[in-house]
Structure formats: C-alpha cells, structure tokens
Amino acid sequence: MQHFRVFILLLLSSISFQATACGFYFEGDVRYCFLKPEFYGYRSFQEFNYSYDSFYSKSDLYEPNQYPNELLWVKYCKGAVSYAAVEQAINNLPLGDLTAASNNQMIRYLYKTNDFEAIAYLKFAKSCEDVNYYFADPWERGEYAALPIRSKLISKAINFSKSVKNPEIRQRYAFQAIRMSYYNRDMERIKSIYARNFSDKNNKDIIGYWSLYFLTFSAIDKPLGNFYAAQVFGNAPDKRFMIQQQYNRSIPIEEVLKFAKTNEEKVNVYLLAATIKTDKALDYIRAIQKLQPESEALGFLLLREINKIDDWVFTPYYTLSKAPFDDYNSEEYDSFAMISARVQKDRLYAGQILQFINGINPNRTDNPVMWKTAKAHLLFVTRQYKSSLSAITSLEKSVSKSDSIYGELERIKALNLTVDQPYGQAVIPELVKSIVLKNKTDKKFIFALGRELEYKGNISDATILYSKMSEYEFEWSTTKKKKGVYGLYFYDYFDYADVIYSTVQLENIIQTILLHKNDKDNFSEWAYQKVITDLPKLYDLLGTKYVRLDKLSKALENFNNIDNSYWQTTYSLWDKDDSYGNNFDNNPFTVLKYTPIFMPQSDFILTKKTVTQRLINYLNKAQNPREKNRDYYYFLAGNCYYNMTIYGNSWMLRRFSWSSSDDGNPLFPDDDEFKKANLAHHYYFLAYKYAKDPKFKALSLRLANRFALLKKKYPDNYYQLCNGCTAFEDYFKARR
C-alpha cells in the first residue's frame, strides 16, 4: 500500500496556466482556503482577498450606515439629523427639492440654522453631477473633451473655496474643483488646488483622501506617486480597487518609504505593497506589526498570507493541480518531485508565519479570534496535529457554535484527527463522521478527508468519500509524464478508480461496501448511498480490469455477480444509440469491423458476461489436445481479441470510453494490447499452426499479420488476401 501512495503522487506532472497579475486564482473551483476571509470582519479589504473571483470592484465595502461622507455630514449637523436623512439628501434628492419646504430632516435643519453656505454647496454639488465623468472628444482626436461647462464650474468651485467662511464647506468646494479638473485632464490645476487646501492638513478626512486620489494621477515622481497611492489605499476603501492599479511595482519600497513621516504613513506603504504582492509578504507583515501592532491592516494581511499558504500547499497536495504561482510555470516544476519539494518549502514558510504569531499576544491584536484560529490552522499545515487539536479545543470554548468560525475549527479538527493515525490503520473516527454530516455539501472538505485517508492507505473509505464528488461538480487532476499523455482530469470516483486502482484495491472497496450495505446509522446511509447503487458498475469495473490482465476466469467471476437487469438496461454502461457506434451490436467472434461477413452467424445476447463466457469456452476447447477443431476455436478467440482493441466492435470489454481521437491510455496495463492486438495475432497464428487446409492456414496468417511467412508459404494466395477482404469467405469455407 505504501507503494501505491508513492504511485498516486508521482502521477502529478506539468499543467500550464497563466497566473494573474494580482495573484488571484485562475478560474476553477479546486483551490483550497480553510479560513474564509468573509468570516473575520475585514469587509473594507474584501476586494483583495486571495480568491480567483475577487478581481472586480465592490460597493459593499462599508458596514450599513457607516459610509464616511454621510457620517461627516451627520457630524457637521451636530448629530441633530439621522444618517438616513443625510443619505437621502446627498444621494437621492433632486436639485429642485433643496428648499426650505423640504420634508428632509437634514435640509430642514440647514435652513433652520441659517447655514446657507452648506445649502449652496449641496446645490452646487448636484449641479456638477452630470459632468463628473469623461466625455469622448467629438473631433475624435483620441483625447477626452475639456467641456466649457465643466471649466466654468471649476472656476466657480475655486472661487467659492476661497470665499466661504466654513472650512469644511471650503474643502468640499476644493474637492469638487479637483475632481472636475481630473476629468478635464488639467493635472497642474489639481496640484495647485490640492496644495492650497489639503497639503498642510495633518488629520485628513475622507474628503482629503478623495482629493489625494486625484492628486496621485498627477504625480510625475513615481516613488511619490506610489506614496500618494498608499495613503489613499490605507484610508479610502472605496478608492482601493482603482488606486492599487496606479501603484508602480518596479519602484523599490525603500524609495517610497522615504516620503513617509509617521508610522501610519509607513504602514500604508507596506499595506499596499503587501496587498498586491503575489509571493511571500511576511517581511511586510512584520514591519507593520512593529509600527502598528493593533492595525486592522495587519490582521487582514496575515489572513491573506494564510490563504496563500492554503493554496500553495493544499491545492497541489489534495487535487494534484498546481497552485497559481508564477515560477510554477517553469520547467523546474515539471514533475511531481519538484512540485512536492516546493510544497514542502511552503510548509516551512507556514512554520515561519507560525513562529511570528507565537511571538505576539493575540489579545493585543485587532482580532484575537482570527489570530488564535490562524495559529491552530498553521499547526495543522506544519503537521503538528496534536498541538493543533489542543489549540482548537481551547479556542472552541470562546467561539459560539452558531458562528461560522466554529465550523471552520471543526473541519480543521476533523482533518487533524484523520491524518494523525498510523499508516495502514487510518479510519474515519466517529467524531469526524458527525462533522462530515454537518458539512456534507462542502466538497473540498469531503475530498480533503478522502485524500488524507488515501495517503494513509485506506483506499476504501477514501473512495466512499470520493463518490460524493459527482454531486458537487468537483474536479481533480492526476498526470503521468509519458509521451502522448499530458494530463488526466477526474470528475467522479468511478473514472478515478478505473484508471488508478488495482484489482486488489477495488476488491477491498467492494467488500467494504458489502460490509456496510445494511448499516442504518446516519453517516452510513449518506456515505454509502451512491456506491451501493453503483455496485453492479463496480463489479463491471473489476471484471473489466481482469479482462485487461487477461484473467478471464476472474473477470467472469465478477460479471456473474451482476444481475441480468443491469446487462439488459445498460449493455455494460452503453446505450444502443451511443455516439461511439459500438455497443455489442455485432458478434465479436464472427464479425470483424469494416470487413464483409465471411463466417456463419449465431445469435446470442451480447454482454460482457456472455462474451467472456464464450471466450473462455472457446479457449478451453482450443487448448484441449483431444479437440479436432482447435484451429477453428483459436480463430474465434483471435476474432474476439481483435474486436477488443481500438480496431474492433467490442472495445467496451476493455474500456469504459474511447473515441477515434484517443491514442489509447498508457496508464492502463493493456495499453499496448489495446492498440496493437498482440493477443489476436497470437491466436490467429495458433489457428494457422493447427489448421489442415492450406487456404484456411493462409487466411489465419493474413489475420495474424505474418505477411512475410504468408508470401513464403502461400505465394499464390498472397496477393488476393493482402489486397482486400472480399475473399475471406472463400478461404474460411475451405477449412471444411
């Protein structure tokens, strides 16, 4: 069994892909992530979670009633108006409704307090809404149009920013001028307006960072532009998605840090650089921890780094697919041995992160539960199973059972309990069974448990879990580096068992199913449901595997375990109208594909069972020294073996699928036979050896592909037999 584990792992080879620029997963639902970011509260960073489906802007970055601009207006109104009233006033009320007669609480408050500057600003802001985006140049010069109306509004905004008394309103006018200048592509004006209104302000609010967002586009100095982008990224969540695209990755971070004067500014630089980093970011995380140990950014980046680790370690370890990492594309990682070494390096890197966590008091971080969960999980990643279980047990006491994090802890616990068993003695523990039932729709978790059992030598229980994958459209890979084979992808357990498992392993699987067939506990009824239904197919598979090994008696023994209804309804898994056109529609003993019928026909029900029975019978007769018609029975056997190849009408005796575009499958033990018909040639030659009639001898040599001997022994028949098959009937009849 230990050899089998090595064999399974060595099937991994090269799978090419292109990693995305921001390190997100390529499309496909096989990537592992045990700690889901959405469970830990880093909502404003969700666009940058390590996930293939996150590369787009999102609108729900703030908690409800927590949008910063609205909160600023609530504060401006001294808390006398509701958040809802502010939201309605600035986002929904049309310009014509900003009157003293308005029903809106905020508008009424501003009129009541005679705050005409604020009212005038709101009216001005709404008048600018239609020009705050790019307009195409009507002259099609490849530029964006600087609209005259927008230029007039910019001048008004600048004048108002100089004349109004309220400093908050003054800065809002300045922001409007900056934004419209951006759409007018007037970068110099952006710089001057920003310098006059925002450059000296130490504690910027969201208006200041929105203004800095536009200033970033005007920066000619690339390190300075990166610094601006980092400050916007750190403080304006709604601008993060766009501003990170302005970050110049070729600039060393040290050059950017030169502009940072405070710890917060340095943290923002490290944060943006780490967020777009595709490889290891632990050094940046350490730097942030020293500068702001309770920073939310620190917790987010730690969680993101663990999500990377899950992908780098468990995606290839469980699914045998490569993680989307740039240097995995090189020839250096073109074999399992090299990828396995890389996975081991990534486990060591997980150990470095664990060491970092161990040096920090989680209660002094932004998110103690996340830090403790991260530690428990990294102990599992680094194969410290007992320590991981201990950490989980301690943490479960402080997490509600209804919390999604509790479910994650249980799943990690189940994996720990499963893998922490001696090889050859691994089972599914009772506690794990209960956890599985709670998570029976989590295909990645179920598959991971199956993989751990398989790696521990328990093929049978692994297969039971794999059988559930067909319900969830899960895909996994295995490849063998051999000419003509570039990859195999599996979608259900049956195909996997067909290609990977030996006859002994499949027999053990069937015995396990029979042993638990009548179990009535909840886990067994769920786990064995499909495989019990599939028992006839599994017997069919086992019999087919023995046919491939040319162990016909063992094949028939398994075919005999299948009742007639299976053969009648499926014809060994093929319908009569299947697209391949081959479904036991012709007698494999008397009809050769693409050859006129030249032998007498006898009808019988064509199934794997009946064909195998007859083949055994004919071989027994052919090998009996007392049989007078040994040549005839060897000839029939030759026909059947020929028809079991890619050239014949009964290839389904050896395969469960095949098409003319296939070149066989080197992973099957009979691949050479399936493509070359060696056994057919062998039995045709024996027919020649025992035949009495010269013409039948010549026909047998022709079908045995012994052309040189045919030409030597029967030169008068050579041309007729080798230039068509219309004469086969006459040559066959000659034996009588």
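Taking each heavy atom of Pro316 and Val343 in turn, the nearest pair found is CG-CG2, 3.6 Å. Shortest non-hydrogen contact noted between Ile158 and Ala177 is CG1-CB, 3.9 Å. Ala374 and Ile306 make their closest contact through CB-CD1, 3.2 Å (heavy atoms, listed as atom of the first residue, atom of the second, distance). Residues Gly234 and Leu271 share a closest heavy-atom pair of CA-CD2, 4.2 Å. The two atoms that bring Phe198 and Ala174 nearest to each other are CE1-CB, 3.9 Å, heavy atoms only. In this structure, Val74 and Val81 approach most closely via the heavy-atom pair CG1-O, 4.0 Å.
Thr382 contributes a side-chain N or O that, together with a main-chain N or O of Leu379, makes up a donor-acceptor pair within less than 3.5 Å. Between the side chain of Arg304 and the backbone N or O of Phe48, at least one donor-acceptor pair lies under 3.5 Å. Checking side-chain atoms of Arg347 against main-chain N and O of Val313 turns up no donor-acceptor pair under 3.5 Å. Proximity of a side-chain donor or acceptor of Asn235 to a complementary backbone N or O of Gln231 within less than 3.5 Å is detected. Looking at Tyr50, its side chain never comes within 3.5 Å of a backbone N or O of Thr278 through a donor-acceptor pair. Checking side-chain atoms of Asn307 against main-chain N and O of Leu35 turns up a donor-acceptor pair under 3.5 Å. Side-chain atoms of Asn184 never come within 3.5 Å of backbone atoms of Asp186 as a donor-acceptor pair (strictly under, hydrogens ignored). Between the side chain of Asn439 and the main chain of Asp442, no donor-acceptor pair closer than 3.5 Å is present. Arg150 places a side-chain N or O within 3.5 Å of a backbone atom of Tyr183 that can act as its donor or acceptor partner. Not one N or O on the side chain of Arg411 forms a donor-acceptor pair closer than 3.5 Å with the backbone of Ile435.
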Exercise. Mind running side-chain contact (heavy atoms from CB on, under 4.5 Å) on Lys372 and Asn363 for me, showing each step along the way?
Key: CA-CA 9 Å; Lys372 293 175 183 178; Asn363 295 321; 3.6 Å; yes

Exercise. Determine, stepwise, if the pair Leu93 / Ile107 fulfils side-chain contact (heavy atoms from CB on, under 4.5 Å).
Key: CA-CA 10 Å; Leu93 285 184; Ile107 302 303; 3.9 Å; yes

Quiz item: Between Leu272 and Lys277, is a side-chain contact (heavy atoms from CB on, under 4.5 Å) present by the stated rule, with each step listed?
Solution: CA-CA 9 Å; Leu272 178 51; Lys277 196 169 174 59; over 6 Å; no

Practice problem: Show the numbers, then the answer: is there a side-chain contact (heavy atoms from CB on, under 4.5 Å) between Glu410 and Phe445? | Solution: CA-CA 11 Å; Glu410 281 197 316; Phe445 168 63; over 6 Å; no

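Evaluation of the side-chain contact (heavy atoms from CB on, under 4.5 Å) rule for Thr262 yields Glu264, Glu265 as partners, not counting sequence neighbours. With sequence neighbours excluded, no residue forms a side chain to side chain donor-acceptor pair (under 3.5 Å) with Asn226. Every residue two or more places apart in sequence or in another chain that forms a side-chain contact (heavy atoms from CB on, under 4.5 Å) with Ser82 is listed here: Ala84, Ala85, Gln105. Contacts of Phe380 classified as side-chain contact (heavy atoms from CB on, under 4.5 Å), with partners at least two apart in sequence or in another chain: Phe314, Tyr318, His377, Tyr385, Ser388, Ile412, Leu415, Asn416, Val419, Glu452. Residues forming a side-chain contact (heavy atoms from CB on, under 4.5 Å) with Thr113 (at least two apart in sequence, or on another chain): Tyr109, Asp115. Partners of Asp238 by side chain to side chain donor-acceptor pair (under 3.5 Å), not counting sequence neighbours, listed by chain and number: Tyr62, Trp210.
No side-chain N or O of Gln171 forms a donor-acceptor pair with one of Asp205 less than 3.5 Å apart.
A heavy-atom distance below 4.5 Å is not found between the side chains of Asp311 and Cys33. A heavy-atom distance below 4.5 Å is found between the side chains of Met106 and Leu122. When side chains are defined from C-beta on, Phe233 does not count as touching Val269, because their heavy atoms never get closer than 4.5 Å. The shortest side-chain heavy-atom distance between Asn91 and Glu70 falls under the 4.5 Å cut-off. Taking the side chain as every heavy atom from C-beta outward, Phe227 and Lys222 never approach each other to under 4.5 Å. Taking 4.5 Å as the limit, every side-chain heavy atom of Thr275 sits out of range of all side-chain heavy atoms of Gln244. Side-chain atoms of Ser400 and Tyr406, non-hydrogen and from C-beta on, never get closer than 4.5 Å to each other. By the 4.5 Å heavy-atom criterion applied to side chains, Ile276 and Arg249 are counted as neighbours.
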Under 3.5 Å, which donor-acceptor pairs link side chains of residues 284-300 to any protein atom two or more places apart or in another chain?
unit_1 : atom_1 : unit_2 : atom_2 : d
Arg286 : NH1    : Asp283 : OD1    : 3.3
Ser295 : OG     : Ala297 : N      : 3.0

Scan the side chains in residues 212-221 for donor-acceptor partners under 3.5 Å anywhere in the protein, sequence neighbours excluded, and list what turns up.
unit_1 : atom_1 : unit_2 : atom_2 : d
Thr216 : OG1    : Leu212 : O      : 2.9
Ser218 : OG     : Leu215 : O      : 2.6
Asp221 : OD1    : Leu224 : N      : 3.2

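Annotation for Leu95: atom CG counts as buried by contact number, over 12 foreign heavy atoms lying within 6.0 Å. Atom NZ of Lys239 has more than 12 heavy atoms from other residues, nucleotides or ligands within 6.0 Å. Counting non-hydrogen atoms of other residues, nucleotides and ligands closer than 6.0 Å to CD of Gln355 gives a total of 12 or fewer.
Taking NZ of Lys266 as the reference point, atom CG of Asn263 lies at 6.0 Å (rounded to 0.5 Å). Distance check: Leu395 CG to Thr373 OG1 gives 4.5 Å after rounding to the nearest 0.5 Å. Atom CZ of Arg172 is separated from atom CG of Asn197 by 13.5 Å, given to the nearest 0.5 angstrom. With values rounded to the nearest 0.5 angstrom, Gln88 atom CD is found 9.0 Å from Asp97 atom CG. The CG atom of Leu153 sits 4.5 Å away from atom SG of Cys128, with the distance rounded to the nearest 0.5 Å. Here the straight-line distance linking atom OH of Tyr270 with atom CD1 of Ile253 works out to 5.5 Å at 0.5 Å rounding.
Identified under the side chain to side chain donor-acceptor pair (under 3.5 Å) test for residues 33-45, with sequence neighbours left out: Tyr40-Glu408, Tyr42-Asp366, Arg43-Glu63, Ser44-Arg240. For residues 155-166, the side chain to side chain donor-acceptor pair (under 3.5 Å) pairs, not counting sequence neighbours, are Tyr76-Asn166. For the ring-ring contact (aromatic ring centres under 6.0 Å, His included) condition, no pair includes a residue of residues 351-370, sequence neighbours left out. Among residue pairs with one or both ends in residues 116-128, those qualifying as side chain to side chain donor-acceptor pair (under 3.5 Å) are Tyr121-Gln176; sequence neighbours excluded.
Separation of the Tyr32 and Phe34 ring centroids falls under the 6.0 Å cut-off.
Using a cutoff of 4.0 Å between basic side-chain nitrogens and carboxylate oxygens, Asp310 and Lys308 are not scored as salt-bridged.
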